[in-house]
> 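Shown below is the structure under consideration.
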Amino acid sequence: MKRHCLLFALLLFAAIASAAVLGGWQPIKNLKDPHVVEIGQFAVEEYNKRSNAHLTLVKLVKGEQQVVSGMNYRLILAVKEGKASKKYEAVVWEKTWENFRNLTSFEPVEG
């Protein structure tokens, strides 16, 4: 009986721990992953289309991802606008199985 209780307690703990992570933002460990870079490039190109801007992606500074119905990517992007360097936070929602991407937000970041 004690063995079953211990097993149940461990399973319950694992379920609670995974539920806390599910849907939360997790750091992207490899910002040079070609797919992640592609998401960053998409964000800049989509922002340029929507706002008639002329930003160029320099590099990804930081990134997080969130499992939703698909995947959200929250990226800090270093960009150039002419000779000026700026940083933006972009959020992109992607559903790869539908070949769907949407730029949810693109906001300047201080510093």
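Because only heavy atoms are used, hydrogens play no part in the values below, and waters and symmetry mates are left out as well, while side chains stay in. Keep in mind that this is a model prediction, so the values were computed, not measured. Throughout, numbering of the chain's residues begins at 1 and tracks the sequence.
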> Can you measure from NZ (K62) to CG (L31) and round to the nearest 0.5 angstrom?
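One finds 10.5 Å between NZ of K62 and CG of L31.
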> Same hydrophobic cluster for V58 and V61, using side-chain heavy-atom links shorter than 4.5 Å among ILVMFWY?
no
> Have a look at E94 and tell me which of N102, I39, V68 forms a side chain to side chain contact (heavy atoms under 4.5 Å, CB included) with it.
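Running side chain to side chain contact (heavy atoms under 4.5 Å, CB included) over N102, I39, V68 with E94 returns exactly one hit, I39.
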> Just jot down the side-chain contact (heavy atoms from CB on, under 4.5 Å) partners of E107, sequence neighbours excluded, or say none.
none
> Output side-chain donor-acceptor pairs under 3.5 Å for residues 72-80, partner residues at least two apart or in another chain, one line each.
residue: N72; atom: ND2; partner: Q66; partner atom: OE1; Å: 3.0
residue: R74; atom: NE; partner: E64; partner atom: OE1; Å: 2.9
residue: R74; atom: NH2; partner: E64; partner atom: OE1; Å: 2.7
residue: K80; atom: NZ; partner: S85; partner atom: OG; Å: 3.2

> Assess whether a salt bridge exists between R101 and E38, defined as any Lys/Arg side-chain N lying under 4.0 Å from an Asp/Glu carboxylate O.
yes
> Considering non-hydrogen atoms only, spot the tightest contact between L103 and A90 and give its length.
CD1-CB, 4.3 Å
> Quick one, V67 and Q65 - any side-chain contact, counting heavy atoms below 4.5 Å?
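With C-beta onward as the side chain, the pair stays apart.
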> Applying a strict under-4.5 Å side-chain criterion to I, L, V, M, F, W and Y, I'd like to know whether L57 and F42 cluster together.
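They do share one cluster, since a chain of ILVMFWY contacts under 4.5 Å joins L57 to F42.
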> Might you confirm whether atom NZ of K95 has over 12 heavy atoms from other residues, nucleotides or ligands at distances under 6.0 Å?
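Check passes, neighbour count above 12.
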> Using a 3.5 Å distance criterion without hydrogens, assess whether the side chain of W93 forms a donor-acceptor pair with backbone atoms of F100.
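Not at all, since once roles are kept as given, no pair shorter than 3.5 Å links the two residues.
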> Does the plane of the ring in Y47 sit parallel, tilted or perpendicular to the ring in Y88? Use 30° and 60° as the thresholds.
tilted
> Where is the tightest heavy-atom contact between D33 and H35, given as atom of each residue plus distance?
OD1-N, 2.7 Å
> Indicate yes or no: at least one non-hydrogen side-chain atom of L60 is less than 4.5 angstrom from one of V36.
yes
> May I ask whether M71 and F106 are part of the same hydrophobic cluster, defined by side-chain heavy atoms of I, L, V, M, F, W, Y residues being less than 4.5 angstrom apart, directly or through others?
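Shared cluster, yes.
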